Peer 1: 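Structure in C-alpha coordinates, see below.
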Amino acid sequence: MSSTAPPDAGARAGAREWAGLAVLALPVLLLALDNSVLFLAAPHLGADLRPSGTQLLWIMDVYGFMVAGFMITMGTLGDRVGRRRLLLTGAAAFAGASVLAAYSANPEMMIVARALLGVTGATLGPSALALIGTMFGDPRQRAMAFGIFTACFMGGAALGPVVGGVLLESFWWGSVFLLGVPVMVILLVAGSLILPEYRDTAAGRVDLISVALSLAAIMPVIYGLKEIADEPGRAVPYVAVVIGLGFGMWFVRRQRSLETPLLDMALFKGRGFTAALAILLLTGIVQSGLYLFVSQYLQMIEGMSPLKAGLWLVPPALALAAGSVLAPVVARRFRPSHVMGAGLALGAAGLLVTAAADGLGLLMTGVVIGFFGTAPVSVFVFDLIVGTAPVEKAGSASAVAQTSGEFGIALGVATLGSLGTAVYGSRIDVPGQVPAGSRETAADSLSGAMEVAAGLPAAVAADLLRAAHAAFTDALAAVSVASAALMIALAVVSLAVLRSVRLAGEDVRGPEQAEPATGTRSEEITVGDG
(Lines give C-alpha, C1' and ligand atoms only; values in the text may rest on other atoms or scores of the structure.)
Protein backbone atom coordinates (compact mmCIF):
# COMPACT_ATOMS: atom_id res chain seq x y z
CA MET A 1 0.00 0.00 0.00
CA SER A 2 2.76 2.39 -0.96
CA SER A 3 2.00 5.38 -3.14
CA THR A 4 3.22 8.83 -4.03
CA ALA A 5 -0.13 9.84 -5.51
CA PRO A 6 -2.61 11.94 -3.55
CA PRO A 7 -5.89 10.38 -2.44
CA ASP A 8 -9.04 10.88 -4.47
CA ALA A 9 -11.15 13.71 -3.04
CA GLY A 10 -14.42 12.32 -1.73
CA ALA A 11 -13.29 8.68 -1.84
CA ARG A 12 -14.85 6.80 1.06
CA ALA A 13 -12.60 4.85 3.39
CA GLY A 14 -12.96 1.10 3.84
CA ALA A 15 -12.00 -1.41 6.51
CA ARG A 16 -8.26 -1.07 5.81
CA GLU A 17 -8.33 2.69 6.34
CA TRP A 18 -10.20 2.40 9.64
CA ALA A 19 -7.74 -0.29 10.73
CA GLY A 20 -4.98 2.14 9.79
CA LEU A 21 -6.60 4.76 12.02
CA ALA A 22 -6.48 2.26 14.90
CA VAL A 23 -2.75 1.78 14.26
CA LEU A 24 -2.20 5.55 14.20
CA ALA A 25 -3.94 5.77 17.55
CA LEU A 26 -1.05 3.88 19.15
CA PRO A 27 1.57 6.66 19.04
CA VAL A 28 -0.90 9.35 20.08
CA LEU A 29 -2.08 7.20 22.99
CA LEU A 30 1.52 6.74 24.06
CA LEU A 31 2.40 10.43 23.78
CA ALA A 32 -0.59 11.38 25.92
CA LEU A 33 0.14 8.61 28.39
CA ASP A 34 3.79 9.65 28.62
CA ASN A 35 2.78 13.20 29.56
CA SER A 36 0.14 12.25 32.11
CA VAL A 37 2.10 9.58 33.96
CA LEU A 38 5.02 11.94 34.47
CA PHE A 39 2.87 14.22 36.63
CA LEU A 40 2.17 11.27 38.93
CA ALA A 41 5.74 10.00 38.82
CA ALA A 42 7.27 13.41 39.60
CA PRO A 43 7.17 13.05 43.42
CA HIS A 44 8.79 9.59 43.24
CA LEU A 45 11.32 10.68 40.65
CA GLY A 46 12.15 13.74 42.76
CA ALA A 47 12.69 11.66 45.89
CA ASP A 48 15.07 9.30 44.06
CA LEU A 49 17.05 11.62 41.75
CA ARG A 50 16.72 14.67 44.04
CA PRO A 51 16.70 17.30 41.27
CA SER A 52 16.75 20.99 42.09
CA GLY A 53 13.60 23.00 41.49
CA THR A 54 14.95 24.22 38.14
CA GLN A 55 15.99 20.71 37.11
CA LEU A 56 12.57 19.33 37.99
CA LEU A 57 10.93 22.01 35.83
CA TRP A 58 13.20 21.07 32.94
CA ILE A 59 12.40 17.39 33.41
CA MET A 60 8.72 18.29 33.17
CA ASP A 61 9.07 20.86 30.37
CA VAL A 62 11.91 19.86 28.04
CA TYR A 63 9.92 17.08 26.36
CA GLY A 64 7.18 19.44 25.22
CA PHE A 65 9.64 22.13 24.23
CA MET A 66 11.66 19.75 22.05
CA VAL A 67 8.50 18.39 20.45
CA ALA A 68 7.44 21.95 19.64
CA GLY A 69 10.91 22.86 18.39
CA PHE A 70 11.27 19.91 15.98
CA MET A 71 7.65 19.44 14.92
CA ILE A 72 7.82 21.66 11.83
CA THR A 73 11.09 20.09 10.73
CA MET A 74 9.71 16.58 11.12
CA GLY A 75 6.45 17.41 9.38
CA THR A 76 8.29 18.75 6.36
CA LEU A 77 10.75 15.85 6.45
CA GLY A 78 7.83 13.41 6.35
CA ASP A 79 6.47 15.07 3.21
CA ARG A 80 9.86 14.54 1.58
CA VAL A 81 11.05 11.09 2.73
CA GLY A 82 7.68 9.46 3.29
CA ARG A 83 5.23 9.84 6.17
CA ARG A 84 5.05 6.14 7.03
CA ARG A 85 8.83 5.80 6.89
CA LEU A 86 9.33 8.73 9.26
CA LEU A 87 6.60 7.48 11.60
CA LEU A 88 8.15 4.03 11.93
CA THR A 89 11.70 5.37 12.27
CA GLY A 90 10.57 7.74 14.99
CA ALA A 91 8.74 4.93 16.76
CA ALA A 92 11.91 2.84 16.99
CA ALA A 93 13.94 5.79 18.26
CA PHE A 94 11.24 6.70 20.80
CA ALA A 95 11.42 3.19 22.25
CA GLY A 96 15.17 3.54 22.73
CA ALA A 97 14.83 6.92 24.42
CA SER A 98 12.16 5.46 26.72
CA VAL A 99 14.63 2.86 27.99
CA LEU A 100 17.21 5.61 28.61
CA ALA A 101 14.69 7.61 30.63
CA ALA A 102 13.61 4.59 32.66
CA TYR A 103 17.15 3.90 33.83
CA SER A 104 18.32 7.49 34.36
CA ALA A 105 20.74 7.68 37.28
CA ASN A 106 20.75 11.45 37.85
CA PRO A 107 18.74 14.57 36.92
CA GLU A 108 21.05 15.47 34.04
CA MET A 109 20.60 12.06 32.43
CA MET A 110 16.83 12.33 32.83
CA ILE A 111 16.77 15.75 31.20
CA VAL A 112 18.74 14.42 28.23
CA ALA A 113 16.45 11.39 27.95
CA ARG A 114 13.35 13.57 28.06
CA ALA A 115 14.85 15.81 25.37
CA LEU A 116 15.48 12.79 23.14
CA LEU A 117 11.92 11.62 23.74
CA GLY A 118 10.78 15.03 22.56
CA VAL A 119 12.84 14.96 19.37
CA THR A 120 11.68 11.45 18.46
CA GLY A 121 8.11 12.18 19.57
CA ALA A 122 8.04 15.09 17.11
CA THR A 123 8.11 12.56 14.26
CA LEU A 124 4.92 10.82 15.33
CA GLY A 125 2.16 13.43 15.42
CA PRO A 126 2.59 15.18 12.05
CA SER A 127 3.06 11.88 10.24
CA ALA A 128 -0.07 10.42 11.83
CA LEU A 129 -2.24 13.46 11.06
CA ALA A 130 -1.00 13.66 7.48
CA LEU A 131 -1.63 9.94 6.95
CA ILE A 132 -5.22 10.41 8.14
CA GLY A 133 -5.62 13.05 5.44
CA THR A 134 -4.14 10.59 2.94
CA MET A 135 -6.41 7.70 3.95
CA PHE A 136 -9.72 9.57 4.35
CA GLY A 137 -10.79 11.40 1.21
CA ASP A 138 -14.45 11.71 2.20
CA PRO A 139 -14.78 14.99 4.15
CA ARG A 140 -17.26 13.74 6.75
CA GLN A 141 -15.30 10.57 7.35
CA ARG A 142 -12.15 12.66 7.68
CA ALA A 143 -13.77 14.96 10.23
CA MET A 144 -14.90 11.96 12.27
CA ALA A 145 -11.45 10.38 11.94
CA PHE A 146 -9.88 13.51 13.41
CA GLY A 147 -12.43 13.45 16.21
CA ILE A 148 -11.56 9.83 16.99
CA PHE A 149 -7.84 10.59 16.73
CA THR A 150 -8.19 13.45 19.22
CA ALA A 151 -10.32 11.29 21.49
CA CYS A 152 -7.54 8.69 21.50
CA PHE A 153 -5.12 11.32 22.74
CA MET A 154 -7.53 12.13 25.55
CA GLY A 155 -8.05 8.42 26.16
CA GLY A 156 -4.31 8.10 26.64
CA ALA A 157 -4.45 10.92 29.16
CA ALA A 158 -7.20 9.02 30.98
CA LEU A 159 -5.43 5.69 30.80
CA GLY A 160 -2.07 7.12 31.80
CA PRO A 161 -2.85 7.92 35.44
CA VAL A 162 -4.46 4.52 35.98
CA VAL A 163 -1.70 2.51 34.35
CA GLY A 164 0.94 4.78 35.85
CA GLY A 165 -0.66 4.49 39.28
CA VAL A 166 -0.64 0.70 39.09
CA LEU A 167 3.02 0.69 38.03
CA LEU A 168 4.05 3.17 40.72
CA GLU A 169 2.27 1.08 43.34
CA SER A 170 4.15 -2.05 42.27
CA PHE A 171 7.43 -0.94 40.68
CA TRP A 172 9.89 1.95 40.60
CA TRP A 173 9.20 5.24 38.79
CA GLY A 174 11.20 4.22 35.70
CA SER A 175 8.61 1.58 34.84
CA VAL A 176 6.24 4.28 33.52
CA PHE A 177 8.68 5.04 30.71
CA LEU A 178 9.07 1.40 29.71
CA LEU A 179 5.42 1.42 28.59
CA GLY A 180 6.62 2.97 25.36
CA VAL A 181 8.63 -0.06 24.28
CA PRO A 182 5.87 -2.66 23.62
CA VAL A 183 3.56 0.00 22.16
CA MET A 184 6.18 1.05 19.64
CA VAL A 185 6.96 -2.57 18.73
CA ILE A 186 3.27 -3.11 17.88
CA LEU A 187 3.27 0.10 15.83
CA LEU A 188 6.35 -0.99 13.88
CA VAL A 189 4.83 -4.35 12.93
CA ALA A 190 1.24 -3.26 12.23
CA GLY A 191 2.22 0.01 10.59
CA SER A 192 4.48 -1.75 8.09
CA LEU A 193 1.57 -3.97 7.01
CA ILE A 194 -1.42 -1.60 7.04
CA LEU A 195 -0.42 2.05 6.66
CA PRO A 196 -0.06 3.66 3.22
CA GLU A 197 3.01 5.61 2.18
CA TYR A 198 3.00 9.06 0.66
CA ARG A 199 5.77 11.49 -0.14
CA ASP A 200 6.13 14.54 -2.31
CA THR A 201 8.44 13.42 -5.11
CA ALA A 202 8.86 17.01 -6.34
CA ALA A 203 9.98 18.41 -2.99
CA GLY A 204 13.49 19.75 -2.58
CA ARG A 205 15.94 19.13 0.22
CA VAL A 206 15.24 20.20 3.79
CA ASP A 207 16.92 23.55 4.40
CA LEU A 208 19.21 22.94 7.39
CA ILE A 209 19.68 26.65 7.98
CA SER A 210 15.93 26.98 8.44
CA VAL A 211 15.97 24.06 10.88
CA ALA A 212 18.66 25.81 12.92
CA LEU A 213 16.81 29.12 12.78
CA SER A 214 13.56 27.55 14.00
CA LEU A 215 15.33 26.09 17.03
CA ALA A 216 17.22 29.33 17.64
CA ALA A 217 13.89 31.16 17.66
CA ILE A 218 11.95 28.80 19.92
CA MET A 219 14.50 27.83 22.57
CA PRO A 220 15.62 31.30 23.74
CA VAL A 221 12.01 32.48 23.97
CA ILE A 222 11.08 29.45 26.05
CA TYR A 223 14.08 29.92 28.32
CA GLY A 224 13.37 33.62 28.71
CA LEU A 225 9.70 33.18 29.59
CA LYS A 226 10.51 30.52 32.17
CA GLU A 227 13.19 32.63 33.83
CA ILE A 228 11.16 35.84 33.74
CA ALA A 229 8.34 34.09 35.57
CA ASP A 230 10.79 32.78 38.16
CA GLU A 231 13.02 35.85 38.60
CA PRO A 232 11.48 38.89 36.84
CA GLY A 233 14.22 41.24 38.06
CA ARG A 234 17.02 39.68 35.98
CA ALA A 235 17.96 41.17 32.61
CA VAL A 236 19.28 37.98 30.92
CA PRO A 237 15.86 36.36 30.31
CA TYR A 238 14.55 39.47 28.56
CA VAL A 239 17.62 39.50 26.32
CA ALA A 240 16.98 35.82 25.52
CA VAL A 241 13.41 36.58 24.45
CA VAL A 242 14.58 39.42 22.19
CA ILE A 243 17.24 37.16 20.64
CA GLY A 244 14.66 34.43 20.02
CA LEU A 245 12.25 36.86 18.39
CA GLY A 246 15.07 38.15 16.20
CA PHE A 247 15.85 34.64 14.99
CA GLY A 248 12.13 34.14 14.42
CA MET A 249 11.98 37.16 12.13
CA TRP A 250 15.04 35.84 10.27
CA PHE A 251 13.35 32.45 9.93
CA VAL A 252 10.20 34.01 8.43
CA ARG A 253 12.18 36.12 5.94
CA ARG A 254 14.19 33.09 4.84
CA GLN A 255 11.05 31.01 4.26
CA ARG A 256 9.65 33.70 1.98
CA SER A 257 12.82 33.67 -0.12
CA LEU A 258 13.17 29.91 -0.55
CA GLU A 259 11.72 27.98 -3.46
CA THR A 260 10.97 25.01 -1.16
CA PRO A 261 10.72 26.49 2.34
CA LEU A 262 10.75 24.50 5.55
CA LEU A 263 7.42 26.17 6.38
CA ASP A 264 5.16 27.60 3.70
CA MET A 265 4.21 31.03 5.04
CA ALA A 266 1.25 31.16 2.63
CA LEU A 267 -0.56 28.91 5.12
CA PHE A 268 -0.86 31.89 7.46
CA LYS A 269 -2.53 34.27 5.00
CA GLY A 270 -6.02 33.54 6.31
CA ARG A 271 -6.95 35.36 9.51
CA GLY A 272 -9.10 32.40 10.53
CA PHE A 273 -6.15 30.02 10.17
CA THR A 274 -3.95 32.12 12.45
CA ALA A 275 -6.73 32.69 14.99
CA ALA A 276 -7.48 28.95 15.13
CA LEU A 277 -3.82 28.19 15.87
CA ALA A 278 -3.75 30.82 18.62
CA ILE A 279 -6.87 29.35 20.21
CA LEU A 280 -5.32 25.88 20.09
CA LEU A 281 -2.13 27.13 21.77
CA LEU A 282 -3.90 29.03 24.53
CA THR A 283 -6.28 26.15 25.20
CA GLY A 284 -3.28 23.88 25.61
CA ILE A 285 -1.91 26.26 28.25
CA VAL A 286 -5.14 25.99 30.24
CA GLN A 287 -5.37 22.20 29.99
CA SER A 288 -1.79 21.37 30.92
CA GLY A 289 -1.42 23.99 33.66
CA LEU A 290 -4.64 23.01 35.36
CA TYR A 291 -3.85 19.30 35.04
CA LEU A 292 -0.52 19.83 36.79
CA PHE A 293 -2.07 21.60 39.77
CA VAL A 294 -5.01 19.23 40.12
CA SER A 295 -2.74 16.16 40.07
CA GLN A 296 -0.56 17.74 42.77
CA TYR A 297 -3.63 18.67 44.79
CA LEU A 298 -4.91 15.11 44.79
CA GLN A 299 -1.63 13.62 45.98
CA MET A 300 -0.27 16.34 48.26
CA ILE A 301 -3.42 17.88 49.73
CA GLU A 302 -5.84 14.96 49.67
CA GLY A 303 -3.05 12.48 50.42
CA MET A 304 -4.08 10.04 47.68
CA SER A 305 -1.87 7.27 46.39
CA PRO A 306 -0.75 7.57 42.76
CA LEU A 307 -3.31 4.96 41.72
CA LYS A 308 -6.21 6.66 43.48
CA ALA A 309 -5.19 10.05 42.14
CA GLY A 310 -5.02 8.52 38.67
CA LEU A 311 -8.57 7.24 38.99
CA TRP A 312 -9.80 10.70 40.00
CA LEU A 313 -8.13 12.13 36.88
CA VAL A 314 -9.94 9.74 34.53
CA PRO A 315 -13.26 11.68 34.31
CA PRO A 316 -11.72 14.95 32.99
CA ALA A 317 -9.81 13.04 30.31
CA LEU A 318 -12.91 11.06 29.34
CA ALA A 319 -14.85 14.31 29.12
CA LEU A 320 -12.29 15.57 26.61
CA ALA A 321 -12.53 12.33 24.64
CA ALA A 322 -16.33 12.43 24.56
CA GLY A 323 -16.35 16.05 23.48
CA SER A 324 -13.87 15.29 20.68
CA VAL A 325 -16.17 12.64 19.19
CA LEU A 326 -19.34 14.72 19.61
CA ALA A 327 -17.89 17.93 18.16
CA PRO A 328 -17.89 16.96 14.44
CA VAL A 329 -21.42 15.55 14.79
CA VAL A 330 -22.78 18.75 16.32
CA ALA A 331 -20.90 20.84 13.73
CA ARG A 332 -23.08 19.35 10.99
CA ARG A 333 -25.94 21.50 12.28
CA PHE A 334 -24.15 24.51 13.72
CA ARG A 335 -21.19 26.61 12.69
CA PRO A 336 -17.88 25.37 14.14
CA SER A 337 -17.24 28.81 15.62
CA HIS A 338 -20.54 28.59 17.53
CA VAL A 339 -19.77 25.09 18.78
CA MET A 340 -16.26 26.13 19.79
CA GLY A 341 -17.41 29.38 21.42
CA ALA A 342 -20.19 27.68 23.37
CA GLY A 343 -17.81 24.97 24.51
CA LEU A 344 -15.20 27.46 25.70
CA ALA A 345 -17.84 29.45 27.58
CA LEU A 346 -19.07 26.26 29.24
CA GLY A 347 -15.49 25.36 30.10
CA ALA A 348 -14.92 28.76 31.70
CA ALA A 349 -18.00 28.29 33.88
CA GLY A 350 -16.66 24.92 34.99
CA LEU A 351 -13.30 26.40 36.00
CA LEU A 352 -15.01 29.10 38.03
CA VAL A 353 -16.76 26.30 39.90
CA THR A 354 -13.33 24.76 40.52
CA ALA A 355 -11.99 28.05 41.86
CA ALA A 356 -14.88 28.46 44.31
CA ALA A 357 -15.15 24.79 45.35
CA ASP A 358 -14.76 23.94 49.02
CA GLY A 359 -14.74 20.16 48.55
CA LEU A 360 -13.10 17.58 46.32
CA GLY A 361 -16.31 16.49 44.57
CA LEU A 362 -17.29 20.00 43.47
CA LEU A 363 -13.71 20.82 42.51
CA MET A 364 -13.47 17.82 40.19
CA THR A 365 -16.93 18.48 38.75
CA GLY A 366 -15.71 21.89 37.68
CA VAL A 367 -12.59 20.38 36.12
CA VAL A 368 -14.67 17.84 34.16
CA ILE A 369 -16.91 20.60 32.78
CA GLY A 370 -13.89 22.75 32.01
CA PHE A 371 -12.14 20.04 30.05
CA PHE A 372 -15.31 19.01 28.19
CA GLY A 373 -15.70 22.59 27.01
CA THR A 374 -12.26 22.71 25.44
CA ALA A 375 -12.72 19.48 23.47
CA PRO A 376 -13.95 20.94 20.13
CA VAL A 377 -10.89 23.15 19.69
CA SER A 378 -8.29 20.62 18.57
CA VAL A 379 -10.78 18.64 16.44
CA PHE A 380 -11.81 21.70 14.45
CA VAL A 381 -8.29 23.05 14.07
CA PHE A 382 -6.86 19.72 12.86
CA ASP A 383 -9.67 19.24 10.35
CA LEU A 384 -9.44 22.82 9.13
CA ILE A 385 -5.69 22.67 8.53
CA VAL A 386 -5.26 19.19 7.05
CA GLY A 387 -8.50 19.43 5.07
CA THR A 388 -7.51 22.67 3.34
CA ALA A 389 -3.78 22.13 2.86
CA PRO A 390 -2.45 20.86 -0.49
CA VAL A 391 -1.87 17.13 -0.13
CA GLU A 392 1.87 17.53 -0.68
CA LYS A 393 1.98 19.99 2.26
CA ALA A 394 -0.19 17.95 4.64
CA GLY A 395 2.72 16.92 6.85
CA SER A 396 3.98 20.48 7.16
CA ALA A 397 0.46 21.78 7.83
CA SER A 398 -0.16 19.10 10.44
CA ALA A 399 3.09 20.07 12.12
CA VAL A 400 1.94 23.68 12.37
CA ALA A 401 -1.19 22.62 14.25
CA GLN A 402 0.64 20.21 16.51
CA THR A 403 3.42 22.71 17.18
CA SER A 404 0.82 25.16 18.39
CA GLY A 405 -0.80 22.55 20.63
CA GLU A 406 2.43 21.12 22.02
CA PHE A 407 3.87 24.58 22.60
CA GLY A 408 0.71 25.45 24.53
CA ILE A 409 1.03 22.32 26.68
CA ALA A 410 4.66 23.11 27.48
CA LEU A 411 3.95 26.77 28.17
CA GLY A 412 1.04 25.82 30.42
CA VAL A 413 3.38 24.12 32.87
CA ALA A 414 5.77 27.08 32.72
CA THR A 415 3.33 30.00 32.83
CA LEU A 416 0.48 28.74 34.98
CA GLY A 417 3.01 26.80 37.05
CA SER A 418 4.88 30.04 37.67
CA LEU A 419 1.64 31.86 38.49
CA GLY A 420 0.68 29.20 40.99
CA THR A 421 4.17 29.21 42.52
CA ALA A 422 4.07 32.98 42.88
CA VAL A 423 0.65 32.89 44.57
CA TYR A 424 1.80 30.06 46.85
CA GLY A 425 4.91 31.98 47.89
CA SER A 426 2.94 35.15 48.58
CA ARG A 427 0.21 33.40 50.60
CA ILE A 428 2.14 30.93 52.77
CA ASP A 429 2.74 31.99 56.37
CA VAL A 430 5.70 29.88 57.49
CA PRO A 431 5.55 29.32 61.27
CA GLY A 432 8.26 31.08 63.23
CA GLN A 433 9.45 27.80 64.75
CA VAL A 434 10.71 26.59 61.36
CA PRO A 435 14.52 26.92 61.26
CA ALA A 436 15.83 29.85 59.23
CA GLY A 437 17.74 27.58 56.85
CA SER A 438 14.54 25.74 55.90
CA ARG A 439 12.12 28.64 55.61
CA GLU A 440 13.00 29.41 51.99
CA THR A 441 12.53 25.76 50.97
CA ALA A 442 9.13 25.63 52.67
CA ALA A 443 8.03 28.86 50.98
CA ASP A 444 9.25 27.73 47.55
CA SER A 445 6.74 24.92 46.91
CA LEU A 446 4.31 22.56 48.58
CA SER A 447 6.67 19.64 48.03
CA GLY A 448 9.41 21.67 49.71
CA ALA A 449 7.18 22.37 52.69
CA MET A 450 6.39 18.66 52.99
CA GLU A 451 10.10 17.83 52.90
CA VAL A 452 10.85 20.38 55.62
CA ALA A 453 7.91 19.21 57.74
CA ALA A 454 9.24 15.65 57.74
CA GLY A 455 12.16 16.77 59.89
CA LEU A 456 10.25 18.96 62.35
CA PRO A 457 8.49 18.20 65.66
CA ALA A 458 4.92 17.04 65.14
CA ALA A 459 3.22 20.24 66.30
CA VAL A 460 5.41 22.54 64.19
CA ALA A 461 5.10 20.22 61.19
CA ALA A 462 1.30 20.28 61.47
CA ASP A 463 1.28 24.10 61.53
CA LEU A 464 3.59 24.28 58.51
CA LEU A 465 1.54 21.78 56.49
CA ARG A 466 -1.68 23.58 57.37
CA ALA A 467 -0.23 26.86 56.08
CA ALA A 468 1.21 25.19 52.98
CA HIS A 469 -2.07 23.47 52.12
CA ALA A 470 -3.99 26.74 52.43
CA ALA A 471 -1.47 28.55 50.23
CA PHE A 472 -1.55 25.82 47.57
CA THR A 473 -5.37 25.84 47.53
CA ASP A 474 -5.23 29.60 46.93
CA ALA A 475 -2.76 28.98 44.11
CA LEU A 476 -5.08 26.44 42.47
CA ALA A 477 -7.98 28.89 42.72
CA ALA A 478 -5.88 31.64 41.12
CA VAL A 479 -4.85 29.35 38.26
CA SER A 480 -8.51 28.34 37.73
CA VAL A 481 -9.73 31.95 37.62
CA ALA A 482 -6.97 32.98 35.21
CA SER A 483 -7.79 30.00 33.00
CA ALA A 484 -11.51 30.83 33.02
CA ALA A 485 -10.81 34.42 32.01
CA LEU A 486 -8.62 33.21 29.14
CA MET A 487 -11.30 30.80 27.93
CA ILE A 488 -13.95 33.53 27.91
CA ALA A 489 -11.65 35.67 25.78
CA LEU A 490 -11.07 32.75 23.41
CA ALA A 491 -14.82 32.18 23.11
CA VAL A 492 -15.24 35.78 21.98
CA VAL A 493 -12.41 35.44 19.47
CA SER A 494 -13.90 32.21 18.12
CA LEU A 495 -17.29 33.80 17.54
CA ALA A 496 -15.85 36.99 16.06
CA VAL A 497 -13.04 35.71 13.84
CA LEU A 498 -13.94 32.11 12.96
CA ARG A 499 -17.60 32.65 12.12
CA SER A 500 -17.00 32.08 8.38
CA VAL A 501 -15.07 28.81 8.81
CA ARG A 502 -16.67 25.65 7.42
CA LEU A 503 -15.47 22.21 8.44
CA ALA A 504 -15.22 19.35 5.99
CA GLY A 505 -18.65 17.84 5.56
CA GLU A 506 -20.46 20.50 7.58
CA ASP A 507 -23.94 21.44 6.45
CA VAL A 508 -25.89 24.00 8.45
CA ARG A 509 -29.12 23.64 6.45
CA GLY A 510 -30.39 20.72 8.47
CA PRO A 511 -30.56 16.99 7.74
CA GLU A 512 -33.65 17.21 5.59
CA GLN A 513 -31.84 19.48 3.08
CA ALA A 514 -28.34 18.07 3.38
CA GLU A 515 -26.60 16.59 0.38
CA PRO A 516 -23.54 14.39 0.19
CA ALA A 517 -20.37 16.43 0.40
CA THR A 518 -18.53 16.70 -2.92
CA GLY A 519 -15.81 18.74 -4.47
CA THR A 520 -12.19 19.37 -3.86
CA ARG A 521 -10.62 20.06 -0.52
CA SER A 522 -10.49 23.78 -1.17
CA GLU A 523 -14.25 23.71 -1.73
CA GLU A 524 -15.01 21.62 1.35
CA ILE A 525 -13.67 24.22 3.76
CA THR A 526 -13.73 27.94 3.34
CA VAL A 527 -11.53 30.03 5.57
CA GLY A 528 -12.29 33.69 5.37
CA ASP A 529 -11.83 36.87 7.32
CA GLY A 530 -15.52 37.23 7.87
Side-chain angles (χ1 to χ4, degrees), residues 6-7 20-21 23-32 34-35 63-94 117-136 142 145-146 149-150 152-153 156 184 187 191 195-200 203 206-207 210-211 214-215 218 255 260-265 267-268 273 276-277 280-281 284 378-379 381-410:
L21 178 63
V23 172
L24 292 175
L26 290 174
V28 76
L29 277 169
L30 179 62
L31 292 178
D34 188 69
N35 268 329
Y63 169 84
F65 289 153
M66 297 303 284
V67 168
F70 280 92
M71 192 79 75
I72 291 174
T73 298
M74 296 304 181
T76 304
L77 185 62
D79 289 337
R80 285 163 165 77
V81 306
R83 293 161 188 167
R84 184 181 66 182
R85 177 183 296 177
L86 184 64
L87 177 74
L88 299 183
T89 302
F94 191 94
L117 283 169
V119 174
T120 56
T123 67
L124 305 178
S127 299
L129 281 174
L131 284 170
I132 290 175
T134 301
M135 295 187 299
F136 293 90
R142 188 170 63 245
F146 282 126
F149 181 83
T150 305
C152 288
F153 183 87
M184 288 308 175
L187 173 61
L195 295 177
E197 181 61 290
Y198 176 83
R199 63 186 179 89
D200 182 8
V206 174
D207 182 47
S210 295
V211 173
S214 68
L215 295 174
I218 292 173
Q255 303 318 294
T260 56
L262 184 69
L263 177 61
D264 187 355
M265 303 310 296
L267 294 171
F268 296 89
F273 180 95
L277 288 177
L280 182 64
L281 184 148
S378 57
V379 178
V381 172
F382 289 159
D383 190 60
L384 175 115
I385 290 174
V386 179
T388 55
V391 67
E392 67 274 9
K393 299 288 186 182
S396 178
S398 300
V400 171
Q402 291 221 311
T403 297
S404 182
E406 289 291 340
F407 201 55
I409 291 173

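Because the structure is a prediction, the values reported are computed rather than measured. Quick note: residue numbers are just sequence positions, from 1.
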Peer 1: Quick one: does any side-chain atom of Q255 pair with a main-chain N or O of M265 as donor and acceptor, under 3.5 Å?
Peer 2: no

Peer 1: Could you list the donor-acceptor pairs under 3.5 angstrom formed by side chains in residues 123-132, with sequence neighbours left out?
Peer 2:
unit_1 : atom_1 : unit_2 : atom_2 : d
T123   : OG1    : T120   : O      : 2.6
S127   : OG     : T123   : O      : 2.9

Peer 1: Please tabulate, one pair per line, all N/O donor-acceptor pairs under 3.5 Å involving side-chain atoms of residues 68-78, not counting sequence neighbours.
Peer 2:
unit_1 : atom_1 : unit_2 : atom_2 : d
T76    : OG1    : I72    : O      : 3.1
T76    : OG1    : L262   : O      : 2.6

Peer 1: Over all heavy atoms of both residues, which pair between M135 and L195 is shortest? Give the atoms and the distance, please.
Peer 2: SD-CD2, 4.4 Å

Peer 1: Using side-chain hydrogen bond (donor to acceptor under 3.5 Å, both in side chains) as the criterion, list what pairs up with T89, not counting sequence neighbours.
Peer 2: none

Peer 1: Which pair of heavy atoms, one from E197 and one from R83, lies closest together, and at what distance?
Peer 2: OE1-N, 2.9 Å

